[in-house]
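The structure appears below as structure tokens.
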Amino acid sequence: MHNTNEIEVTFPDKSQRSYPSGITGLEIAQGISPGLAKKAMFVLVNDQQWDLTRAIEEDAKVEIITRDHKLALEIIRHDTAHILAEAVKELYPETQVTIGPAIENGFYYDFYREKPFTPEDFPIIEKRMAEIVDRDENLTRHVWSHDKAIDYFESIGETFKAELIRDLPGSEEISIYQQGDFIDLCRGPHLPSTKKVGKSFKLMKLAGAYWRGDSTKPQLQRIYGTAWRDDKELKNHLKCLEEAEKRDHRKLGQQMDLFHFQEEAPGSVFWHPRGWSLYLNFQKFIREKISKNGYSEINTPQLLDRKLWEKSGHWEKYHENMFVTQTEDERVFALKPMNCPCHVEMFKKGIKSYRDLPLRLAEFGCCHRYEPSGALHGLMRVRAMVQDDAHIFCTPEQIKSETARFCTLLFDVYKDLGFHDVKIKFADRPEKRAGSDATWDQAEQALKGAIDSLDLDYDLNEADGAFYGPKLEFYIRDAIGRSWQCGTLQLDFVLPERLGAKYIDQNGDQKIPVMLHRAILGSLERFIGVFLEHNAGHIPLWLSPLQVVVAPITKNLNNYAQIVVEKLRKSGIECDHDLSNEKINYKIREHSNKKIPYIFVLGPREEKNKQVSVRKLGQQSSETLDLDLAIDKLVDEIKTKGKI
RNA sequence: GCCGCCGUGGCUCAGUGGUAGAGCGCACCCUUGGUAAGGGUGAGGUCGAGAGUUCAAUUCUCUCCGGCGGCACCA
């Protein structure tokens, strides 16, 4: 065994070595190899992140983390945030620092300063940051008492930092990092010196942010940056951003001539012919799915008397988000923000028996919500939208089977649409809620039981349910890794009661039905936005508003083009011809930019042999096929939704 | 809603304290051309709205509207 001045270190490969107590991670690395010491960034000591220079005094599991490790990026970003703060303090000493964490792809730092930063400040700040890196300042860790830390930050006028420390448990020791003259509260760890951080960073954008994310608290200025191991990674990331920008559905919407917005209708879409056709294709697709699944489609009014909204609780809970109108007779109406009250009214029409349940009412109802102006964002967040909405009225016993049924439908729909990565979150009872604990127990169990019986994984989204019931949230992952909540299933015990919905059970007693609010796509507007970005505008043939453009090479082929178009249309294919006075190169470019799935090029050879030259979007080469065969292939692709 | 930035022909953008320019698109003409921009000519803008400063405002200031990036919000 070893004496008290020695400690036993266990490495990831399970090998063990003795070291004098108080040895640092850096020294251990040096002992292994100088190369390792050079690449080392920090150490994991018993799975905790430690500075390389921190003394290890007891037996421990030790792993040296090098620049290649995925955890290293986080440290680089965190350190870069500190370097940003140091640079800002040097350049603008009146600024107060607050917090600056590493985030996905980079970091940010929130500052408090009267004068706003502008993007013109970026080069100046970046230059100073580079200087700080060159200075090779050591980052040293100090441990201060709670009071000392508060006194220090108060004394230098850093009131936000002082407030942070004040909120930390008083018994806890406060770790402080110093680099040059800059001293900051930080949990760490950090790299040993600023030089090790490197200069593969870039300040990206400026934004407002509230102190502690609270809109009643002071507004801070947030500087976002990105930071990487080396310039190659940085460049790569900037390129990815460009790619994502190209996918922006607002840009695609314009390029593809799908929709536009204008000042007079903020947050409401003007759908162009092709965009609307796409929209209707989605609607048709969902309509077919739900009609096969036992839903009845209905339609209910847009504008309803204030009294209904008072009864439903929306007037109280949702008033700020509602568009309200008044007619000359002074009656107050509101545009519906949701369909549910109307669906309950529909349910109430006539006496319902338990035999009528479950009753599934679906509606593509246009809902208006007065969303905060700052929240509007293309199709993703609008003020007028249509959901693939439905409400299922059922008995408590039917919750489980209805949930299972819905999940099956939802996965089926997502699969058809090319979303294969779906995550589920289960949001349980929130603090503020209606209904008894017994009811909640029942509801949560029913939902949980249903997911479990379907053998689905889900995460808990604690206390995030609706006030009337627990909900399932369905997140789809898109082609560039982003996650979107689209589908939802919510249990509601409140609204049917408030609006007086009843059914007669087996014993002839009046009962209040349970209501399931559910949507798969969520809002069609938003889903189309997500879908466009997911596919980078390459809409699958079966959903594409315009499926084929027939492009003859010369005027002499116009007649044949006409024949081809007619044949395509007879087979149910959406197509158009391009008889414009342009060369074929131009036509190809034009329709490729518009993301038309197929271009049929016609020349004298094709005409002679009753063929077409098929060019598929995204492919450089083309294939000459007999016209009938080409049509069969497309029809087949449409029928199978592109899945052979 | 909050912070910062932006708002010029259909689109992308340049520009100026003395009422504007390019490319693409559009119209017409020439060209009839095999897989991502052939050539020429022409039309088209009260420079987001209102107020102020000024002899003079698209340009400077303010207010409003809209957009962008975040924050907050997302029942």
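Please read these numbers as outputs of a predicted model, since none were measured by experiment. Here is the naming used below: chain letters follow the sequence lines, and residue numbers restart at 1 for every chain.
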Expressed in angstrom and rounded to an integer, what is the separation of [X] atom [atom1] from [N] atom [atom2]?
| X | N | atom1 | atom2 | value |
| --- | --- | --- | --- | --- |
| Asn585(A) | rG33(B) | CG | C1' | 9 Å |
| Lys616(A) | rA36(B) | NZ | P | 18 Å |
| Phe117(A) | rC5(B) | CZ | P | 13 Å |
| Asp578(A) | rU35(B) | CG | P | 16 Å |
| Asn321(A) | rC74(B) | CG | P | 9 Å |
| Glu582(A) | rG39(B) | CD | P | 10 Å |
| Leu203(A) | rG4(B) | CG | P | 19 Å |
| Gln255(A) | rG25(B) | CD | C1' | 14 Å |

Leu335(A) side chain near Leu304(A) side chain, heavy-atom distance below 4.5 Å: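 No, every pair of side-chain atoms sits at 4.5 Å or beyond.
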[atom1] spacing across the pair [N] / [M], given as an integer number of angstrom:
| N | M | atom1 | value |
| --- | --- | --- | --- |
| rC11(B) | rG45(B) | P | 14 Å |
| rU46(B) | rU58(B) | P | 13 Å |
| rG9(B) | rC13(B) | P | 12 Å |
| rC55(B) | rU63(B) | P | 24 Å |
| rG7(B) | rG48(B) | P | 8 Å |
| rA22(B) | rG42(B) | P | 12 Å |
| rA14(B) | rA56(B) | P | 30 Å |
| rA43(B) | rG23(B) | P | 14 Å |

Is [Y] paired with [X] through a side-chain N to carboxylate O contact shorter than 4.0 Å?
| X | Y | value |
| --- | --- | --- |
| Arg222(A) | Asp110(A) | yes |
| Lys251(A) | Asp248(A) | no |
| Asp167(A) | Arg212(A) | yes |

CA sep, side-chain torsions, deciding dist, call: Phe270(A), Phe261(A), ring-ring contact (aromatic ring centres under 6.0 Å, His included): CA-CA 6 Å; Phe270(A) 285 75; Phe261(A) 291 89; 8.3 Å; no
Looking for any heavy atom pair under 4.0 Å, which part of the strands does [X] touch: base, sugar-phosphate only, or nothing?
| X | result |
| --- | --- |
| Ser215(A) | sugar-phosphate |
| Pro372(A) | base |
| Glu606(A) | base |
| Met204(A) | nothing |
| Pro604(A) | base |

In terms of side-chain heavy atoms, does [X] have a donor or acceptor partner in [Y] at a distance below 3.5 Å?
| X | Y | value |
| --- | --- | --- |
| Glu158(A) | Tyr112(A) | no |
| Ser622(A) | Lys616(A) | no |
| Gln262(A) | His260(A) | yes |
| Ser621(A) | Glu623(A) | no |
| Glu574(A) | Ser277(A) | no |

Arg212(A) side-chain N/O to rA72(B) phosphate OP1/OP2 under 4.0 Å: no
rG25(B) OP1/OP2 closer than 4.0 Å to side-chain N/O of Tyr586(A): yes
Nucleotide-level pairing of RNA chain B, given in dot-bracket where Watson-Crick and G-U pairs need both distances under 3.5 Å and | marks other strands: (((((((..((((....[..)))).(((((.......))))).....(((((..]....))))))))))))....
Expected rows: protein N/O vs nucleotides 9-11 of chain B N/O, under 3.5 Å:
unit_1  : atom_1 : unit_2    : atom_2 : d
rC11(B) : O3'    : Gln254(A) : OE1    : 3.1

Let's see if you can work this out: which of [options] has an atom nearest to the side-chain heavy atoms of [X]?
| X | options | value |
| --- | --- | --- |
| Tyr370(A) | rG34(B), rG1(B), rC74(B) | rG1(B) |
| Thr118(A) | rC73(B), rG34(B), rC5(B) | rC5(B) |
| Asn556(A) | rU32(B), rG33(B), rU35(B) | rU32(B) |

Crowding at CD, Glu316(A) (>12 non-hydrogen neighbours, <6.0 Å):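 12 or below, so no.
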Residues, nucleotides or ligands: over 12 heavy atoms within 6.0 Å of Glu462(A) CD: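 No.
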Salt bridge (Lys or Arg N to Asp or Glu O under 4.0 Å) assessment of Lys471(A) paired with Glu473(A): CA-CA 6 Å; Lys471(A) 62 180 178 186; Glu473(A) 298 164 339; 3.8 Å; yes
Closest-nucleotide 5' rank along RNA chain B - winner of Met385(A) and Leu220(A): Leu220(A)
Position toward the 5' end of RNA chain B (nearest nucleotide), Lys555(A) or Ala466(A): Lys555(A)
Letter per nucleotide, 5' to 3', of nucleotides 66-71 of chain B [B base touched, S only sugar-phosphate touched, - untouched; heavy atoms, 4.0 Å]: SSSBBB
Verdict with supporting geometry, Ser312(A) and Glu310(A), side chain to side chain donor-acceptor pair (under 3.5 Å): CA-CA 6 Å; Ser312(A) 71; Glu310(A) 283 173 350; over 6 Å; no
